[in-house]
Amino acid sequence: MDLVVESISGLHRTHCCGELGTIDTGKEVTLMGWVHRRRDHGGLIFIDLRDRSGLVQVVCDPEAGTAFKKAEEVRNEYVVAVRGNVRLRPEGTANPRLATGDIEVEARELRILNPAKTPPFYIEDDIAVDEALRLRYRYLDLRRPEMQDIMHLRYRTTRAIRDFLDGRGFWEIETPMLTRSTPEGARDFLVPSRLRPGEFFALPQSPQLFKQILMVAGIERYFQIVRCFRDEDLRADRQPEFTQLDMEMSFIQREDILNLVEELMAYVFRETLGVEIDLPLPRLTYKEAITRYGTDKPDLRFGLEIFDVSDVVGGCGFKVFADAVAKGGVVRGLCVPGGAGFSRRELDELTQQAVTSGAKGLAWMALAAGEIRSPIAKFFTGEGLQELVARAGGREGELLLFVADNETVAASVLGSLRLELGRRLHLYDPEQLAFTWVTDFPLLEYSPEEKRYVAVHHPFTMPMEEDWPLLDIEPLKVRALAYDLVLNGVELGGGSIRIHRRDIQEKMFSLLGFSPEEAQEKFGFLLEAFEYGTPPHGGIAFGLDRMIMLMARRDTIRDCIAFPKTQSGTCLMTAAPSTVAPEQLLELHLKTTARPAGKQYSTGKA
RNA sequence: GGAGCCGUAGUGUAGCGGUUUAACAUGUCGGCCUGUCACGCCGAAGAUCGCGGGUUCAAAUCCCGUCGGCUCCGCCA
């Protein structure tokens with residue numbers, strides 16, 4: 001029998017598959033969806049019909065006539081309409097693993113609305129399939145329930161954000177996608193102007209300048225859920241286009257923003273996940289975070305804090321430690337529970353990781369029963385050893401790890417070891433949500449490449465008032481009114497109180513090495529706006545994709561974006577980017593110096 | 001720009017110099033089957049081992065290059 005594709009006409013969907021239950025017994029329903037699976041018993045055919053809401057079993061009996069005939073033709077992922085009656089399943093055939101497992105739909109009419117090719121992978125959760133294939137066939141990947149759940153979670157999250165902010169008097173305002181390239185920050189994506197030969201727009205890295213100008217404009221409370229673009233290399237949690245929740249408020253101070261954001265987070269997590277977040281959220285200063293956790297985005301799901309023994313090893317017999325302290329560095333370490341039992345190989349791996357992240361070496365002491373095993377124990381007196389162990393807080397069965405270096409290196413090495421050990425030793429509950437604020441970031445850091453100071457946050461960040469006197473003396477010691485929100489070791493977002501005073505802004509530019517002319521050239525429109533009555537203001541921006549990633553417990557934001565790019569910045573479904581017709585380039589007054597050679601985006605198979 | 005891992009029927013894997021006509025599972029196709037739900041049973045088809053070059057009597061297997069995917073460093077105010 002030739003496959004007959006039929007019209008939807010005359011049929012109206014009455015229910016969704018997943019919402020049917022025993023309460024619907026006896027009703028005539030019309031369902032539309034995809035054939036999830038077909039079980040053909042020769043004289044009886046079962047079809048699991050799937051739509052966005054779930055699955056329901058459809059039974060086709062030979063007595064149903066043409067419906068049975070058509071059920072024989074149907075294959076996986078065919079799009080069909082079924083009209084029939086809901087009935088309780090016969091005694092003993094209910095399926096408790098299926099939400100609709102107590103009932104089934106007895107097909108009276110079956111229409112094949114569209115056939116389908118056999119998909120390259122299963123349309124179900126937990127598939128083990130090459131991600132490239134999923135991206136090539138993203139529309140099939142997105143049919144899988146777990147992906148639909150994430151897309152739905154994302155929608156529910158943005159809806160909750162809008163609800164909350166609307167209730168707090170925020171207005172959502174759109175800002176341009178075609179804007180001006182600005183210095184500082186990431187590499188811009190450029191868009192050539194056809195009407196202005198040789199000139200370019202840039203896609204926004206964030207709406208930063210526009211939202212500040214909206215404050216000058218008297219909007220007072222602005223937010224936007226907005227696409228941002230940064231032409232930098234990709235990571236599991238970084239895409240060239242990503243979505244920010246961007247906010248800005250006038251007439252507020254830091255506390256106002258932190259409090260508001262905490263309530264926002266509590267609201268969103270309650271509404272979407274049903275999770276209660278304890279407020280207020282913990283706060284760490286940047287300095288505390290670096291000292292205790294070795295990073296400015298600490299994972300507070302577990303302790304394993306860094307200790308400092310610099311003052312007790314100053315004059316010790318172990319030259320590596322003593323020299324580090326003498327040169328103004330530090331000796332810090334970790335006290336690893338259960339680590340005394342680590343094998344030689346495990347210690348080598350940790351050492352390797354320490355070296356990879358910048359350490360010159362890793363010293364260790366295993367606090368075994370009644371003895372201390374350590375290659376460096378011999379450099380210490382018995383008393384010195386006791387003091388060291390005591391200061392590290394080491395107890396029997398534990399392993400002490402030491403890094404001696406300058407403060408920056410020691411922090412980053414121990415920070416990465418801490419994370420690795422946390423993972424290895426299962427020191428935390430993966431289900432836990434540990435938020436923390438990190439505040440008081442430095443205003444500036446020195447860039448050896450550019451041989452000048454650069455803004456840690458951005459050039460419009462307000463220095464803390466009590467540090468203003470340091471601006472001229474020790475700029476690197478100036479703290480900023482900048483803050484990050486961190487969740488489980490992931491930077492969710494960051495913001496600052498902005499400079500609204502001209503004199504401070506000028507000081508900032510001069511510290512960054514901009515002459516007044518350069519500042520005018522680069523940010524003139526903003527500076528001009530600031531001359532017309534700028535309210536004190538500040539704001540914050542969140543990476544929505546990362547937030548969804550953590551809420552959905554995924555390892556990459558690619559799973560939280562409907563159509564993401566690969567690590568090399570391409571789209572495997574559309575094969576973007578691509579070459580364009582020579583006429584297009586001509587219109588844009590462009591000539592390329594390169595020609596992409598033998599580009600191939602298929603997965604290698606036809 | 002750099003480091004590492006991966007690439008074998010549609011899919012997931014095995015094979016890692018020679019008893020291989022490249023194996024297994026699953027999917028696909030055909031037949032049988034009236035209570036299955038990862039249905040079952042029988043049968044069949046399906047792979048230029050990502051691509052190019054080299055070493056060798058002999059390469060899926062070793063080497064080099066290249067393309068693609070992933071992780072990380074640099075980069076990401």
Side-chain angles (χ1 to χ4, degrees), chain A residues 36-49 55-63 68 75-76 89-98 100-101 104 106 117-124 126-137 140 182-188 205-206 208-209 228-240 242 352-353 356-358 412 416 441 443-445 447 449-450 453-461 480 482 491 494-496 508 512 541 543 555-556 558 565-568 570 572 575 596-606:
Chain A
H36 185 67
R37 223 170 237 124
R38 192 183 69 117
R39 291 177 293 282
D40 186 346
H41 288 241
L44 192 67
I45 298 172
F46 299 98
I47 291 174
D48 288 337
L49 188 64
L55 278 184
V56 71
Q57 172 167 284
V58 173
V59 189
C60 301
D61 198 272
E63 296 183 12
F68 181 78
R75 293 295 180 272
N76 283 356
R89 290 196 186 187
E91 187 80 34
T93 63
N95 182 353
R97 283 180 299 166
L98 200 61
T100 60
E104 61 192 9
E106 179 187 15
K117 290 169 78 171
T118 301
F121 49 81
Y122 301 99
I123 310 300
E124 62 190 27
D126 300 320
I127 52 171
V129 61
D130 186 22
E131 191 176 352
L133 198 66
R134 292 171 52 205
L135 293 171
R136 165 89 178 75
Y137 297 94
L140 297 178
T182 50
E184 304 286 292
R187 193 176 294 114
D188 285 320
Q205 295 178 29
S206 80
Q208 182 63 35
L209 302 180
C228 301
F229 306 86
R230 293 178 191 175
D231 189 6
E232 298 292 350
D233 288 358
L234 290 80
R235 291 283 190 281
D237 63 353
R238 261 164 46 189
Q239 285 270 304
F242 60 100
Q352 184 51 50
Q353 194 193 325
T356 304
S357 38
S412 76
S416 89
F441 277 80
L443 184 71
L444 300 164
E445 64 191 343
S447 163
E449 294 83 30
E450 300 181 57
Y453 297 122
V454 294
V456 168
H457 187 58
H458 61 55
F460 313 104
T461 301
E491 182 194 331
S496 62
M508 183 71 179
L512 293 174
D555 295 321
T556 164
R558 290 189 301 277
K565 308 259 184 299
T566 66
Q567 187 164 50
S568 56
T570 67
L572 293 181
K599 186 173 80 154
Q600 187 203 28
Y601 283 135
S602 78
T603 51
K605 290 120 195 169

State which of B:C37, B:C76, B:G69 makes the closest approach to the side chain of A:T570.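 In terms of side-chain proximity for A:T570, the closest of B:C37, B:C76, B:G69 is B:G69.
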
Just compare B:U11, B:G35, B:G68 and give me whichever is closest to any side-chain atom of A:L133. B:U11

Give one of base, sugar-phosphate or nothing for [X], where a contact means two heavy atoms less than 4.0 Å apart.
{"X": "A:R187", "answer": "nothing"}
{"X": "A:T93", "answer": "base"}
{"X": "A:S206", "answer": "base"}
{"X": "A:Q205", "answer": "nothing"}

Answer with yes or no whether the side chains of A:Q353 and A:S357 bring together a donor and an acceptor at under 3.5 Å.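 No, because no side-chain N or O of A:S357 sits under 3.5 Å from a partner of the opposite role on A:Q353.
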
Could you tell me whether the side chain of A:R238 has a donor or acceptor atom within less than 3.5 Å of a complementary atom in the base of B:C76? yes

Is any side-chain N or O of A:R75 under 3.5 Å from a base N or O of B:C29, one able to act as donor and the other as acceptor?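 It does not, because no donor-acceptor pair links the side chain of A:R75 to the base of B:C29 below 3.5 Å.
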
For A:P120 and A:V454, find the nucleotide of RNA chain B closest to each by heavy atoms; which residue's nucleotide sits nearer the 5' end? A:P120

Which comes earlier along RNA chain B counting from the 5' end, the contact point of A:R38 or that of A:F46, where each point is its nearest nucleotide?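 Whichever sits nearer the 5' end wins; that is A:F46.
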
From CG of A:D233 over to P of B:G74, roughly how many Å is that when rounded to an integer? 11 Å

